[in-house]
Amino acid sequence: MTRSAKYLLVIKTLALWAFLLFACLPLVQMTLISFVATLPHPGVAVGRPTLNNYAGIWTDPSLRSAFLNSVAYVLINICITVPVAIPAAYAFSRLSFLGDKHLFFAFIAFRITPPVVLTLPVFQLFSALGIVNSVFGIALAHCLFNLPIAIWILQGFISAIPKEMDETAFLDGHSRLHFIWKILLPQIAPGIAVTAFFCFMFSWVEVVFARILTTTNGKPISMAINALFGFQTDIGLVMAVTATSTLPGAVLLFAMRNHLSRGFKVGRL
Amino acid sequence: MTAISLGLDDRGGLLIDDCRINSARLLVVDRKDSLQGARHGGFNSGLHSLAQRLPVSVSRMKDRTQTGWLFVLPSVLILSLIGLVPLLTVVNYSFFEIFILDARFWVGTEWYAEIIGSGRFWASFGRSLLFSTMILCVQIPLGIAIALCIPKRKIWVGITLAVLALPLLVPWNMIPSLWLSLLNPETGLLGRILPYLGWPDNWKLSAQHTWAVIVVMDVWHWTSLVVILCYSALATIPQSYYQAAAIDGAGPWQVFRHIQLPKLHHVLLMAVLLRFMDSFMIYTEAFPINAGGPNGATMFLAVDLGEDIKAFNYGPSAARSVIYFLIVLTVAWMFSKAQGKLDGTEAT
């Protein structure tokens with residue numbers, strides 16, 4: 001290794017560590033406060049270390065159900081998004097049909113439309129359909145931004161599969177649907193995992209739809225945290241709930257890390 | 001490259017049409033004597049064509065069939081229900097004065113004229129544009145740089161990416177709270193250090209300091225997405241490209257310019273589009289930092305719309321929504337033009 005290559009490696013490593021530190025700083029702050037009593041509780045003075053905040057999550061039924069609601073709507077969203085996105089991604093990757101480019105453009109336009117623009121009519125529409133205050137309503141609304149992103153990611157994965165594989169399958173007498181189901185799906189399994197992870201990520205943290213679609217019931221974890229703010233906010237509890245709410249994602253991320261690190265071919269715009 | 005090589009292994013002799021001969025030729029270069037092949041064509045032309053021509057030749061081979069519509073039909077139905085129908089509703093409302101939803105009066109384009117003619121709209125527009133520009137100028141170069149810094153050793157890559165992505169998993173309404181507690185002068189990790197560096201106690205009274213907090217917060221929140229997208233594209237570059245470059249004596253800058261950057265084009269276009277629009281319409285995170293203050297210095301476009309909706313001004317908020325959607329369409333159109341241009345330069 002030459003001298004300049006060594007310097008470059010040192011600089012790269014330092015830069016990466018600096019950025020990792022920056023990325024962790026607010027999270028470290030959050031974790032520190034979550035283990036401190038910030039309001040007087042029986043048996044522990046303000047400012048002393050305590051596990052009360054985490055215990056408080058389990059004893060509060062509204063927080064517990066909020067966690068369940070969040071998990072439920074994210075799972076429902078993934079179950080809607082992925083099966084609907086796979087055939088669409090296949091079509092955009094392999095087939096040419098009238099208006100395909102314009103349609104893809106329209107999908108991307110919906111992804112970048114800010115939810116706040118559509119809040120009012122979406123609320124009215126979902127009230128008319130009777131799916132407000134339910135996890136299904138939020139899951140459906142989140143398809144607005146998750147579906148286009150899922151199609152975009154999956155399209156990249158499918159385009160990385162050689163076209164010859166399709167043609168061989170057709171020569172062997174497979175129909176298009178049969179080919180997708182039997183041959184393509186196992187090939188793009190890592191892509192489905194990555195897509196599901198992105199759906200989880202964007203859906204779990206979203207607030208605007210989650211707020212307007214849950215006025216009485218079905219509140220997700222983000223809204224349950226909002227409800228903790230008041231005249232005397234127990235900021236320790238707030239941080240404990242926030243820390244806990246990032247845990248499922250962190251676990252999923254850790255499980256996914258090898259799929260992400262292998263890299264994936266991303267589709268065209 | 002693996003894409004083509006698999007197909008050739010199965011049915012190597014059958015490939016006769018033009019683009020396949022092209023890819024077969026490239027395959028030989030890559031497999032047998034990638035180093036010589038790259039040198040033979042000169043560093044630029046050899047590697048350049050390898051990196052850039054393949055995706056184009058693959059995408060040209062599409063079946064022309066209208067059954068494609070059946071495959072996209074479910075997506076079209078869902079996005080029509082939750083995207084198109086609400087959008088048309090908003091367009092409809094925007095031409096009415098609405099007290100309650102059952103009693104409304106046609107006012108034509110009055111709301112539009114009022115919004116477009118107001119200084120408040122253009123001030124917010126300017127602020128959002130400035131904010132997005134700053135975000136792009138920081139996040140895109142930083143994201144690329146960090147993606148290039150990620151080590152090549154397998155174990156560390158996964159862990160690094162996992163740690164980097166953590167900010168993306170925090171519920172958006174909690175992000176301002178995290179940063180406010182970080183800046184808290186009594187308990188915050190930064191808040192206790194910053195005063196020694198000249199950070200004022202009453203920073204909320206200063207527009208510059210409020211802006212700095214929001215920009216740094218957004219950089220913290222979203223740069224990781226750019227890093228992950230860039231890394232995903234970089235990781236698909238075959239090792240042989242780097243070996244060929246090393247034999248040619250290419251420096252780090254040439255490797256970046258001629259090998260890595262061409263692979264990043266498409267993913268960067270998407271990253272820029274997502275980051276531009278999401279920061280242009282920032283809503284949940286920006287407002288709680290300083291309630292749009294001081295003196296409205298951090299009132300962005302989406303915050304204005306949020307205030308309208310909260311006040312139940314159906315007509316004006318609908319008109320505002322339509323104007324914002326037109327901005328979205330214009331931006332998306334510009335990006336799709338840019339994509340077309342990018343394809344044009346790559347095909348030649």
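Each chain gets a letter, A, B and so on, in the order its sequence line appears, and its residues count up from 1. Bear in mind that the values here come from a model prediction, so they are computed numbers and not experimental data.
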(request) Examine whether an atom of A:T119 lies under 4.5 Å from a heavy atom of chain B, and if so say whether it belongs to the side chain, the backbone or both; otherwise answer neither. (result) side chain

(message) Please classify the contact between B:L225 and chain A as side chain, backbone, both or neither, with a heavy-atom cut-off of under 4.5 Å.
(response) side chain

(message) Do B:L273 and A:I108 have side chains that approach each other closer than 4.5 Å (heavy atoms only, starting at C-beta)?
(response) yes

(message) Is B:T284 close to chain A through its backbone or its side chain, or both, or neither, when contacts mean heavy atoms under 4.5 Å?
(response) side chain

(request) Look at B:Y231, B:F280, B:Y324, B:Y283 and state which one has the largest set of heavy-atom pairs under 4.5 Å with chain A. (result) B:Y231

(request) Measure the spacing between CG of A:L20 and CD1 of B:I159 and express it to the nearest 0.5 Å. (result) 11.0 Å

(request) Under 4.5 Å heavy-atom distance to chain A, tell me which part of B:L87 shows up: side chain, backbone, both or neither. (result) both

(request) Measure the spacing between CG of A:N226 and CE of B:M174 and express it to the nearest 0.5 Å. (result) 8.0 Å

(request) Would you check if B:L169 and A:F200 make a side-chain contact, meaning some heavy-atom pair closer than 4.5 Å? (result) yes

(message) Can you confirm whether A:I212 sits close enough to B:I309 that some side-chain heavy atom of one is under 4.5 Å from a side-chain heavy atom of the other?
(response) no

(message) Please classify the contact between A:I225 and chain B as side chain, backbone, both or neither, with a heavy-atom cut-off of under 4.5 Å.
(response) side chain

(request) Check each atom of A:I11 against the heavy atoms of chain B and say whether the ones under 4.5 Å are side chain, backbone, both or neither. (result) neither

(request) For A:P26 and B:L178, work out which heavy atoms get closest and say how close. (result) O-CD2, 4.2 Å

(request) Mind telling me whether B:W69 and A:F97 have parallel, tilted or perpendicular rings, with 30° and 60° as the class edges? (result) perpendicular

(request) Could you tell me whether the side chain of B:V163 reaches within less than 4.5 Å of the side chain of A:C24, counting heavy atoms only? (result) yes

(message) Out of A:A91, A:S70, A:A141, A:S222, return the one with the most heavy atom pairs under 4.5 angstrom to chain B.
(response) A:S222

(message) Looking only at heavy atoms and a cut-off of under 4.5 Å, which of B:L166, B:L73, B:I175, B:V227 has the most pairs with chain A?
(response) B:L166

(request) Taking all non-hydrogen atoms of both residues into account, name the closest pair between B:S181 and A:M239 and its distance. (result) OG-CE, 3.6 Å

(request) Dump the intermediate steps for side-chain contact (heavy atoms from CB on, under 4.5 Å) on B:V219 and A:F22, then the final yes or no. (result) CA-CA 10 Å; B:V219 167; A:F22 171 63; 4.1 Å; yes

(request) Please determine, among A:R176, A:R211, A:M30, A:K12, the option with the most heavy-atom pairs under 4.5 Å with chain B. (result) A:K12

(message) For A:F92, which atoms come within 4.5 Å of any heavy atom of chain B: side chain, backbone, both, or neither?
(response) both

(message) At a 4.5 Å cut-off on heavy atoms, which part of A:L140 comes close to chain B: side chain, backbone, both, or neither?
(response) both

(request) Heavy-atom distances under 4.5 Å only: say whether A:A250 touches chain B with side chain, backbone, both or neither. (result) both

(request) Identify which part of B:V216 has an atom lying under 4.5 Å from any heavy atom of chain A, answering side chain, backbone, both or neither. (result) both

(request) Measure the spacing between OG of B:S80 and CZ of A:F110 and express it to the nearest 0.5 Å. (result) 7.0 Å

(request) Indicate the atoms forming the closest heavy-atom contact of B:I146 with A:A15, along with that distance. (result) CD1-O, 4.2 Å

(request) Please round to the nearest 0.5 Å and tell me the distance separating atom CG of A:L120 and atom OG of B:S321. (result) 8.0 Å

(request) Answer with side chain, backbone, both or neither: which region of A:L103 has an atom nearer than 4.5 Å to a non-hydrogen atom of chain B? (result) side chain

(request) Nearest 0.5 Å please: distance from the OG atom of B:S232 over to the NE2 atom of A:H259. (result) 14.5 Å

(request) State, to 0.1 Å, how close A:Q29 and B:T187 come at their nearest heavy-atom pair, and which atoms those are. (result) NE2-O, 3.3 Å

(message) Under 4.5 Å from any heavy atom of chain A, what part of B:I150 do you find: side chain, backbone, both or neither?
(response) both

(request) Against chain A, label B:W179 side chain, backbone, both or neither, depending on which of its atoms sit under 4.5 Å from a heavy atom there. (result) side chain

(message) What's the separation between atom OG1 in B:T160 and atom CZ in A:F19, rounded to the nearest 0.5 Å?
(response) 12.0 Å

(message) Please give me the minimum heavy-atom distance between A:A88 and B:S75, naming the atom from each residue.
(response) CB-OG, 3.4 Å

(request) Check whether any side-chain heavy atom of B:L79 lies under 4.5 Å from a side-chain heavy atom of A:R111, and answer yes or no. (result) no

(request) Check each atom of A:L144 against the heavy atoms of chain B and say whether the ones under 4.5 Å are side chain, backbone, both or neither. (result) both

(message) Does any backbone or side-chain atom of A:L177 lie under 4.5 Å from a heavy atom of chain B? Answer side chain, backbone, both or neither.
(response) side chain

(request) Using non-hydrogen atoms and a 4.5 Å limit, figure out which bit of A:L147 sits close to chain B: side chain, backbone, both or neither. (result) side chain

(request) Under 4.5 Å heavy-atom distance to chain A, tell me which part of B:N173 shows up: side chain, backbone, both or neither. (result) both

(request) Applying side-chain contact (heavy atoms from CB on, under 4.5 Å), run through A:V84 and B:I78 and close with a yes or a no. (result) CA-CA 9 Å; A:V84 168; B:I78 288 184; 4.0 Å; yes

(message) Less than 4.5 Å to any heavy atom of chain B: does that hold for the side chain of A:I180, its backbone, both, or neither?
(response) side chain

(request) Kindly indicate whether the side chain of B:V157, heavy atoms from C-beta on, has any atom under 4.5 Å from the side chain of A:R257. (result) no

(message) Less than 4.5 Å apart, side chain to side chain, heavy atoms only: is that true for B:F71 and A:I86?
(response) no

(request) Please examine the side chains of B:L329 and A:F105, heavy atoms only from C-beta on, and report whether any two atoms are closer than 4.5 Å. (result) yes

(message) For A:L16 versus B:C149, what's the shortest heavy-atom pair and its separation?
(response) CD2-O, 3.9 Å

(request) Go through the atoms of B:L84 and report whether side chain, backbone, both or neither lie under 4.5 Å from a heavy atom of chain A. (result) both

(message) Taking every non-hydrogen pair under 4.5 Å, which of B:L190, B:L274, B:I228, B:I282 racks up the most with chain A?
(response) B:L274

(request) Would you confirm whether B:W172, through its side chain, and A:E206, through its main-chain N or O, come within 3.5 Å as a donor-acceptor pair? (result) no

(request) Determine yes or no for a side-chain-to-main-chain donor-acceptor pair under 3.5 angstrom, with A:Q124 supplying the side chain and B:T89 the backbone. (result) no

